[in-house]
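Working notes for the structure below.
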There are 2 protein chains.
Amino acid sequence: MKTGDWGGGFVKEQRHELILGELARRGAVSVAALAQRLGVSEATIRRDLDELARLGKVHRTHGGALSADPREELPLNLKATSYAAEKRRIGLAAAALIQPGQVVGCSGGTTVAHVATALRGKRVVVVTNALNIALELATSEEAEVIVTGGTLRGRSLELVGHVAERTFRELYVDVAVIGVDGISLEQGLTTYHLSEAQTNRVLMEQARQVWVVADHSKVEKVTPAYIGPLSRVSRFITDTDAPAPFLDELRRRGIDVVCA
Amino acid sequence: MKTGDWGGGFVKEQRHELILGELARRGAVSVAALAQRLGVSEATIRRDLDELARLGKVHRTHGGALSADPREELPLNLKATSYAAEKRRIGLAAAALIQPGQVVGCSGGTTVAHVATALRGKRVVVVTNALNIALELATSEEAEVIVTGGTLRGRSLELVGHVAERTFRELYVDVAVIGVDGISLEQGLTTYHLSEAQTNRVLMEQARQVWVVADHSKVEKVTPAYIGPLSRVSRFITDTDAPAPFLDELRRRGIDVVCA
DNA sequence: ACGCATACGCTCGATTTTGTTCGTTTTTGG
DNA sequence: CCAAAAACGAACAAAATCGAGCGTATGCGT
């Protein structure tokens with residue numbers, strides 16, 4: 001088999017990652033759909049599912065599987081997130097722009113988690129209100145991690161509320177890396193949940209520079225909760241599929257745009 | 001080696017660098033693709049991958065390799081902990097004694113993590129300084145989780161320091177569930193790390209009741225850092241292999257002993 | 001120059017993985 | 001409740017991959 005071109009040739013473990021990712025996002029998968037999506041026979045998918053079931057990671061059903069371990073639904077498995085490749089590049093690009101010794105504030109979200117992964121090995125201080133970001137850096141010898149504390153917001157693993165905001169206010173950060181669910185010329189930065197938006201806003205206020213990271217699917221999208229205006233953003237890091245006109249307009253407004 | 005080539009002549013270290021780079025970028029590599037890309041035989045790639053695997057830098061698979069996930073070293077997989085069965089029973093027993101609506105403070109440690117797992121589905125408020133405990137409850141619809149914040153202490157996933165202690169002091173908990181590395185009649189409660197001991201002590205001070213959970217291997221053991229005296233403990237929950245004389249002495253001192 | 005160590009490619013039998021076929025079980029839809 | 005359709009599991013065959021052994025080349029020190 002010729003592997004290595006694009007995403008056609010997967011080894012078993014990659015399929016498992018993808019299956020778990022699909023499961024984390026949708027909660028259920030079907031044998032037929034996975035077989036087609038991954039370009040392998042249904043027998044192979046059944047064997048994969050059986051193996052994952054033996055490991056207790058999925059709950060097998062007729063025609064597919066359900067997620068078994070509730071923790072699998074958490075955004076901890078970075079390889080399994082949507083646009084994982086793009087986000088990885090974004091993370092690497094963002095981390096490369098961080099100077100040693102700087103204090104970096106990180107909001108939640110899987111894109112920011114990729115930034116955190118790329119920050120491992122760099123001598124930095126990371127302040128975050130997201131447990132998945134803290135977890136990414138927990139095994140780093142170099143990075144120091146400060147968690148804000150706060151009330152845990154279920155699936156997103158973000159800490160919000162009075163405790164989180166107060167801790168953020170006690171600290172000044174060189175760079176705030178903000179993950180958003182929508183970035184729009186008209187509506188600015190938005191996310192899905194009000195409490196997270198509020199916490200992010202506090203982080204932005206404490207930062208010398210505000211960097212926004214988001215894959216192209218977030219561009220020109222507006223979600224319910226308003227975080228802040230584009231005027232506070234000093235840099236936007238996205239992938240190469242982001243529409244050029246949008247990026248040009250950002251540049252015209254003085255924002256440094258990076259395409260990874 | 002034929003050095004006269006183009007860029008195809010790599011020495012081992014260069015290949016290793018390139019493999020790790022590719023792995024960091026894509027998350028997975030295949031033997032065949034690497035062999036073609038680097039212009040060497042597949043046998044050489046296998047040797048490279050085996051060597052990198054011995055160094056713990058990659059995770060070997062059939063047909064290629066995945067980037068070694070450093071998160072696997074974290075105490076997140078409860079089933080893989082030592083004395084998992086005993087700890088699970090301890091967790092269930094402890095959780096059964098918690099009343100709905102109570103506020104529970106949880107320290108770190110895998111035994112306490114099992115308590116947290118058993119608390120999922122109960123309507124309680126959990127205050128904790130340990131990320132693994134917060135994660136166990138993140139998907140719970142019933143339990144509310146408050147994380148103290150603080151400086152992340154590497155592998156143990158505990159938050160310590162000024163922020164953690166201040167948040168604890170702001171709250172009163174009905175029950176503090178403390179995990180210890182040693183419990184001794186003479187030396188009281190001990191753990192391995194001073195900072196964690198200090199944080200646990202603050203939690204104990206804020207609790208109406210202090211429960212200690214530990215499997216039998218911790219009994220009559222003393223570890224470097226002192227947490228507090230047995231006199232503050234109101235209940236000790238352990239497994240059935242704990243030595244009876246020790247438990248009798250605890251009972252004599254007015255501690256409620258539960259063997260799960 | 002010689003010997004030695006290291007790195008590499010090649011071959012070949014063993015192992016793992018995958019696809020296919022076929023009889024059986026489960027689900028679905030009257 | 002019954003029959004068609006879908007899904008399953010087991011068995012087998014083909015392909016890919018692996019590991020080990022062996023020979024060769026290159027570099028290095030004596």
Side-chain angles (χ1 to χ4, degrees), chain A residues 1-23 25-68 72 77 79-80, chain B residues 1-23 25-69 72:
Chain A
M1 177 194 297
K2 268 258 317 164
T3 55
D5 319 349
W6 58 298
F10 291 106
V11 289
K12 196 175 57 169
E13 285 73 9
Q14 282 176 288
R15 284 199 313 269
H16 289 190
E17 295 281 356
L18 250 151
I19 290 171
L20 290 177
E22 202 67 8
L23 224 32
R25 245 169 289 134
R26 300 192 210 277
V29 291
S30 82
V31 172
L34 284 175
Q36 188 178 358
R37 172 117 159 58
L38 300 178
V40 296
S41 75
E42 299 196 352
T44 300
I45 296 295
R46 288 197 193 96
R47 279 187 279 249
D48 288 341
L49 258 31
D50 288 344
E51 188 170 341
L52 288 172
R54 268 198 306 280
L55 297 175
K57 302 205 157 208
V58 309
H59 181 261
R60 197 72 168 74
T61 68
H62 277 247
L66 304 171
S67 66
E72 288 297 336
N77 189 353
K79 294 175 201 155
Chain B
M1 146 171 307
K2 39 209 200 133
T3 43
D5 283 22
W6 45 298
F10 293 104
V11 292
K12 196 171 60 167
E13 285 73 15
Q14 286 177 295
R15 286 199 312 271
H16 288 191
E17 281 304 319
L18 227 150
I19 290 171
L20 291 177
E22 196 69 7
L23 224 31
R25 238 188 326 278
R26 296 195 211 274
V29 291
S30 81
V31 173
L34 283 175
Q36 188 179 355
R37 172 113 160 62
L38 299 177
V40 295
S41 74
E42 300 195 352
T44 299
I45 296 296
R46 288 198 194 95
R47 279 187 277 251
D48 288 341
L49 258 31
D50 288 344
E51 188 170 341
L52 288 172
R54 267 197 306 279
L55 298 175
K57 303 216 162 206
V58 309
H59 182 262
R60 195 71 167 76
T61 70
H62 270 247
L66 302 171
S67 61
D69 191 347
E72 285 176 14

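All values derive from a computational prediction rather than experimental measurement. Residue numbers start from 1 in every chain, and the chains themselves are labelled A, B, ... in the order their sequence lines are given, proteins ahead of strands.
Per the geometry, NZ belonging to B:Lys12 stands 9 Å off P belonging to C:dT6, to the nearest Å. With rounding to whole Å, A:Glu13 atom CD is found 13 Å from C:dT16 atom P. Atom pair A:Leu34:CG and D:dA7:C1' shows a separation of 14 Å (rounding to whole Å applied). Protein atom CD of B:Glu51 is 11 Å distant from nucleotide atom C1' of C:dA7, rounded to whole Å. Across the protein-nucleic acid pair, B:Gln14 atom CD and C:dA7 atom P stand 14 Å apart, rounded to whole Å. Between B:Ile45 atom CD1 and D:dA16 atom P the separation is 19 Å, expressed in whole Å. When rounded to the nearest whole Å, the span between CD of A:Glu42 and P of C:dT20 equals 11 Å. Nucleotide C:dT6 holds its C1' atom 13 Å from the NE2 atom of B:His16, rounded to whole Å.
Between A:Arg46 and A:Glu42 there is a salt bridge, with a side-chain nitrogen of the basic residue lying less than 4.0 Å from a carboxylate oxygen of the acidic one. Look at B:Arg60 and B:Asp50 and you find a salt bridge, because one of the NZ, NE, NH1 or NH2 atoms lies within 4.0 Å of a carboxylate O, short of that distance.
With C:dT20, D:dG19, C:dC10 as the choices, the nucleotide that has an atom nearest any side-chain atom of B:Arg47 turns out to be C:dC10. Comparing atom distances between the A:Asp50 side chain and each of C:dT18, D:dG9, C:dT26 picks out D:dG9 as nearest. If you check D:dC8, C:dT20, C:dT17 against the side chain of A:Ser41, the one that comes closest is C:dT20.
Annotation: A:Gln36, atom CD; neighbour count of heavy atoms from other residues, nucleotides and ligands within 6.0 Å does not exceed 12. Enclosure of atom NZ in A:Lys57 is not indicated, since only 12 or fewer non-hydrogen atoms of other residues, nucleotides or ligands lie within 6.0 angstrom. Other residues, nucleotides and ligands contribute at most 12 non-hydrogen atoms within 6.0 Å of the NE2 atom of A:His59. Within a 6.0 Å radius of CZ in A:Arg26, no more than 12 heavy atoms belonging to other residues, nucleotides or ligands are found.
Summary for the helix from C:dA1-D:dT30 to C:dG30-D:dC1: the axes at its two ends, each from 5 pairs, differ by 40° when rounded to the nearest 10 degrees.
For the pair A:Arg46 and C:dT18, the criterion of a side-chain N or O lying under 4.0 Å from OP1 or OP2 is not met. For the OP1/OP2 pair of C:dC8 and a distance below 4.0 Å, the side-chain nitrogens and oxygens of B:Thr44 include no atom meeting the criterion.
A heavy atom closer than 4.0 Å to some atom of DNA chain D occurs in B:Arg60, B:Thr61, these being the qualifying members of residues 52-61 of chain B.
When side chains are defined from C-beta on, A:Glu72 does not count as touching A:Leu23, because their heavy atoms never get closer than 4.5 Å. Two residues are said to be in side-chain contact when any heavy atoms from C-beta on lie closer than 4.5 Å; A:Glu17 and A:Asn77 meet this criterion.
Within the 3.5 Å criterion, the main-chain N or O of A:Val11 finds a donor-acceptor partner in the side chain of A:Gln14.
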